[in-house]
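Read the structure below first, then the notes.
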Amino acid sequence: MDALEIEHLCAQFYGNTVNSDQLHTISQRLESFVNQTNCLSQCRVLLDRALTPYTQFFAATTLIKYFSRTANQTLISFNERYELRTYILEYLYKHNRSLASFVLAELIKFYARLTKHSWFDLSPQTSSNLNNETYPFQTFTDDLLKFQVDPPHFSVALQLLIGIISEISTPNDDETSARAFSRHRKICISFRDSKLLDIYLFSCQYLRDVIINQKKSLGLPSDFQQYPKTLTTVQLQDDYYLVVEKLLSLALACLSYDFLGTGSSIHDVDISDENQTLQIPLAWHDQIIDGSFYQLFFSYYFLFSNTTLVSLALSCLVQLSSVRRSLLNTNERLTVLNYMTFGRTNSSR
């Protein structure tokens, strides 16, 4: 099947323009596409020349299926995967404003899966275009820097980070065997130790900048010793609001991470059970006892009332209140409790 035929079949399949018998036949033909030897190159052709989002969606989902089937084989070389990774990033940078949300979600999922499965892949010694990185697929944060040009691009970068965290934290359907799950856990722990805290601090820094600017516009002190005590609904432009929403979602994704690599993250926490609390590593200790992080999320509760930002901020506070007891000594636990119940640091009593 060539690109034009796929385009036509996708329009029929996703556009609901055929009867059930025809739909079944078209479905079988589309499913066979993933078995073609030139599947990867054809998917790129479909993405580049797609006339409808249906074709883009089909190309993205096919890439996910194809890569998942061959992830533990040698059918896709390192250079092919790295080139495909670069292509997806460039495609998202160029087309992010025009992509349908369901297409964007699938492309992000594919990029995240490609990053995870290639996490420990070494750069070939003969390669001269990979900047001599030992593990090139672990440099995704550097690749996203150019997306910080405007709110729409920055929003895509944040969604990529959220997608990567979700993909690495949660084993997918292809990681059910003992060997595959062992590899998943190794990647999960490596990501936790090398990337997760930096991403969390990155999101919080941008979230602080937003609060500082809004406090200044309202004539409030810009420090984080005390949050505003009056409910206010600050209005933000749509693109800017979306970025702030994604920043809070990113912070929440970091706090909801599967820190032990057991295959599940903690959402409904029983704080009476040490095994059910967030097993945040010791490297996070200073951030957990830092009152400014609690003030930050409380500020979103008070400054952005009646918005979706409130539930995200409160979810972050719930996660912070659920850290394992052994991470803190008695005085530190009382201090954190004070942050949560009164929303103030010791210096503001």
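What you see below is based on every heavy atom in this structure, not just the backbone, and it leaves out hydrogens, waters and symmetry mates.
One finds the SG atom of C39 at 9.0 Å from the CD1 atom of I76 (value rounded to the nearest 0.5 Å). For the atom pair NZ (K109) and CD (Q159), the distance works out to 15.0 Å, reported to the nearest 0.5 Å. Between N96 atom CG and F154 atom CZ the span is 13.0 Å, to the nearest 0.5 Å. Considering CG of L63 and CD of Q42, their distance stands at 11.5 Å, rounded to 0.5 Å. The OH atom of Y91 sits 5.5 Å away from atom CG of L99, with the distance rounded to the nearest 0.5 Å. The OG1 atom of T307 sits 11.5 Å away from the OH atom of Y301 when rounded to the nearest 0.5 Å.
Remark: side-chain polar atoms of N338 are not paired, donor with acceptor, to backbone N or O of L334 under 3.5 angstrom. Checking side-chain atoms of S299 against main-chain N and O of Q295 turns up a donor-acceptor pair under 3.5 Å. Within the 3.5 Å criterion, the main-chain N or O of G163 finds no donor-acceptor partner in the side chain of S166.
Other residues, nucleotides and ligands place no more than 12 heavy atoms under 6.0 Å from the NE2 atom of H8. In K186, the NZ atom is not crowded: 12 or fewer heavy atoms of neighbouring residues, nucleotides or ligands sit closer than 6.0 Å. Atom CG of D238 is surrounded by 12 or fewer heavy atoms from other residues, nucleotides or ligands within 6.0 Å. The number of heavy atoms from other shown groups lying within 6.0 Å of OH (Y54) does not exceed 12.
Side-chain contact between H184 and K116 is present, with heavy atoms from C-beta onward closer than 4.5 Å. Taking the side chain as every heavy atom from C-beta outward, L252 and F297 never approach each other to under 4.5 Å. Here the side chains of F202 and L158 are in contact, with some heavy-atom distance below 4.5 Å. Within the 4.5 Å cutoff, side-chain heavy atoms of F140 are placed close to those of L161. With contacts defined as side-chain heavy-atom distances shorter than 4.5 Å, the pair Y294/V336 qualifies. With contacts defined as side-chain heavy-atom distances shorter than 4.5 Å, the pair Y82/F137 qualifies. Contact annotation: the side chain of L89 approaches that of L144 to within less than 4.5 Å [non-hydrogen atoms, C-beta and beyond]. Residues D258 and T170 are not in side-chain contact: their nearest non-hydrogen atoms beyond the backbone lie 4.5 Å or more apart.
Side-chain contact, D290 with S292: a donor N or O sits under 3.5 Å from an acceptor N or O. A donor-acceptor contact under 3.5 angstrom links the side chains of Q279 and T277, judged on distance only.
At a threshold of 4.5 Å between side-chain heavy atoms, the hydrophobic network of Ile, Leu, Val, Met, Phe, Trp and Tyr places L282 and Y257 in one connected group. Side-chain heavy atoms closer than 4.5 Å link hydrophobic residues (I, L, V, M, F, W, Y) into clusters, and following such links, even through other members, never connects L260 to I187.
Closest of all the heavy-atom pairs between A50 and E7 is CA-OE1, 3.6 Å.
Judged by the 6.0 Å distance and 45° axis criteria, R44 is positioned over the aromatic ring of Y87. Stacking of R208 on the aromatic ring of F293 is recorded, both the 6.0 Å distance cut-off and the 45° axial limit being met.
Annotation: F58 is not in aromatic contact with F13 [ring centroid separation under 6.0 Å not met].
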